[in-house]
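Presented below is the structure to which this report refers.
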Amino acid sequence: MFWKHTDSNEQREETARVAGLDAFEQAIQSQAPYIQFTPDGIVTLVNDRFLDIVGYRRDEVLGQHHSTLCFPDDVKTHDYDALCVARREK
């Protein structure tokens with residue numbers, strides 16, 4: 001009475017959409033350099049393709065702030081500060 005009854009076809013379609021998105025995400029993560037961060041900029045996931053490019057090992061990157069992957073001069077810029085402030089304000 002209070003909950004909308006969802007048609008089983010709608011449920012199947014939604015399940016298929018989610019599965020398709022999961023497959024797409026997995027394809028990107030396996031075929032392209034990929035890194036994932038928390039909203040605070042902490043590295044939570046990185047693939048081998050990314051590591052090959054930056055020259056770090058996985059244990060050197062996971063749990064670190066994204067600034068550790070930037071050139072020192074880039075971290076000192078106004079644009080980088082603005083990016084970090086914008087992320088904190090969200």
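These figures come from a predicted structure and were not determined experimentally. Heavy atoms only: backbone and side chains are in, while hydrogens, waters and symmetry mates are out.
The ring-ring contact (aromatic ring centres under 6.0 Å, His included) pairs that include a residue from residues 16-46 are F37-H66, where partners are two or more places apart or lie in different chains.
Q26 is listed as a side-chain neighbour of Q29, based on a closest heavy-atom distance under 4.5 Å. The shortest distance between side-chain heavy atoms of N47 and F50 falls below 4.5 Å.
Tested against Y56, the residues V46, L69, V43, L62 include a single side-chain contact (heavy atoms from CB on, under 4.5 Å) partner, L69.
Taking CD from E13 and CD from Q11, the interatomic distance works out to 10.5 Å, rounded to the nearest 0.5 Å. Considering CZ of R58 and CG of L45, their distance stands at 8.0 Å, rounded to 0.5 Å. One finds the CG atom of L83 at 9.0 Å from the OG1 atom of T77 (value rounded to the nearest 0.5 Å).
Here T68 pairs with Q64 under the side-chain contact (heavy atoms from CB on, under 4.5 Å) rule; sequence neighbours left out. Residues meeting the side-chain contact (heavy atoms from CB on, under 4.5 Å) test with S67, sequence neighbours left out: H65, V75, Y80.
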